[in-house]
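Values in this document were obtained by computation on a predicted structure and should not be read as measured data. Each ligand, and each atom within it, is numbered from 1 in the order the structure gives.
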Amino acid sequence: MPRLTATRVAHSTVLLDFDGQCVLTDPWYSEKPGYYHGEPYGIALADLPQLCGVVASHGHYDHYDLESFAAFPDRSVPFAVKTGMAKQAHDHGFGTVTELEPWQSVQLGDVRVTAAPGAHSVPENCYVLEYGATTVFFGGDSLFIPALREVADRFPRIDLALVPVNGLKIRPLLNRKVVMTAEDAADLCAVLRPTVAVPMHYAFTAGQLRDRLLLAYDGTPQRFATAASERAPSTLVKILAPGEPLVF
Ligand SMILES: [Zn+2]
C-alpha cells in the first residue's frame, strides 16, 4: 500500500515523500528585506533527501527562490513549473524543466504531476500530484477561483490538500486580494473534499513597517480549522508545525 509523508518546511515549501519518491513544492530557502518566513525551516536545505522533482506554482521570490535552491546538490532534479518559469531554472543550472498549463501533466520520477488553474498577482498554477492511488492537491498561494472546481471533477478522491490561508492583500493595488483567505480555503475544501487538509502560507511577514503600509493579511491556521469544521466537515484539518511529519 503506497504511503505518503508530508512535512511542511515553511510558507508554501512542503516535502511530499511518496514511499521514497520525494517532491518539494515552492522552494524558498533564504530571506531578504520585506520577506521573512516568520517560522523556522522544518527541514534545512542541506538535510533535504534526494528529490524526484520540484513543483513551483509561480515566479515570486518566496515560492521560487532558485538563488538559494541552487545549493541543492542534484542539478538534474526535474522541475514542473508554470509557463514562463523555465528560463530562470535553466539559468541556475537546472536542466530538466517542464512548463505546464492547467490539465497538462508530467512525470517526476514515479509521481505524476498535473497542473491545475490558479490565480494570483502573476500567472500561477496549482498542482495535483498522484502516486499510485494517493492524490495530493497543492494550492501554492492562489486565490480560490471557480476554475478550481474542475479539480474535483477530474480528481474525485483527494487524500491531502495543501491550502494557503493568509488572504494576502496588496494595499497599493487598492487593497486587492491576491491569496485565498482561511474561509476561501475552507470553501475550496468543501469542493475538493480532501480527506485531510493542511493549511500553509500564514507565518510570512514583510516586517513591521511594510506589513502596515503595503500589505494586509489576517488568515491563521486556527481560523481555517474553524471555517473548515463548518464549511467542509468531512475534511480533517491538521495544523503542522514546521518539520512535523504527517504520515498517511
Ligand atoms: Zn506570490
Side-chain angles (χ1 to χ4, degrees), residues 8-16 23-39 41-42 54-69 79-89 91-92 97 99-102 113 115-129 137-145 147-148 151 161-185 188 198-207 210-221 224 242:
R8 228 169 49 77
V9 174
H11 203 48
S12 291
T13 311
V14 179
L15 181 68
L16 296 167
V23 175
L24 189 72
T25 66
D26 283 11
W28 180 30
Y29 267 109
S30 66
E31 294 186 327
K32 65 183 185 185
Y35 290 89
Y36 306 103
H37 290 87
E39 58 189 348
Y41 297 124
V54 173
V55 303
S57 60
H58 67 295
H60 280 159
Y61 159 72
D62 56 321
H63 293 254
Y64 197 47
D65 174 20
L66 294 174
E67 213 141 298
S68 69
F69 193 72
F79 280 58
V81 300
K82 176 77 177 171
T83 306
M85 293 168 65
K87 183 180 181 304
Q88 207 185 332
D91 290 349
H92 285 85
V97 185
E99 294 188 333
L100 299 174
E101 283 299 297
V113 174
H120 187 51
S121 57
V122 297
E124 171 152 348
N125 281 341
C126 296
Y127 293 99
V128 176
L129 300 95
F137 172 83
F138 172 68
D141 70 354
S142 179
L143 291 159
F144 177 27
I145 51 171
L148 275 170
V151 173
L162 299 159
V163 288
V165 301
N166 78 340
L168 180 69
K169 290 180 183 169
I170 312 287
R171 284 191 197 277
L173 297 176
L174 299 171
N175 231 4
R176 189 175 138 211
K177 182 164 73 168
V178 294
V179 178
M180 66 180 84
T181 64
E183 290 72 27
D184 295 337
L188 175 59
V198 169
M200 61 179 186
H201 202 279
Y202 49 76
F204 170 89
T205 167
R210 284 185 176 86
D211 277 353
R212 205 162 59 228
L213 296 180
L214 302 178
L215 305 178
Y217 52 83
D218 52 13
T220 64
F224 169 67

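Minimum interatomic distance between E39 and A203 (heavy atoms only, all atoms of both residues): CD-CB, 3.6 Å.
The side-chain hydrogen bond (donor to acceptor under 3.5 Å, both in side chains) test with S57 is passed by exactly one of N125, D26, D141, T25: D26.
The nearest N/O/S atom of D141 to the Zn ion (ligand 1) is OD2. Nearest N/O/S atom of H60 relative to the Zn ion (ligand 1): this is ND1.
The distance from the Zn ion (ligand 1) to the nearest N/O/S atom of H63 is not under 2.8 Å.
In E67, the CD atom is not crowded: 12 or fewer heavy atoms of neighbouring residues, nucleotides or ligands sit closer than 6.0 Å.
With the Zn ion (ligand 1) as vertex, H120 NE2 and H58 NE2 subtend 100°, rounded to 10°.
The backbone N or O of V178 lies less than 3.5 Å from a partner atom in the side chain of H120, making a donor-acceptor pair.
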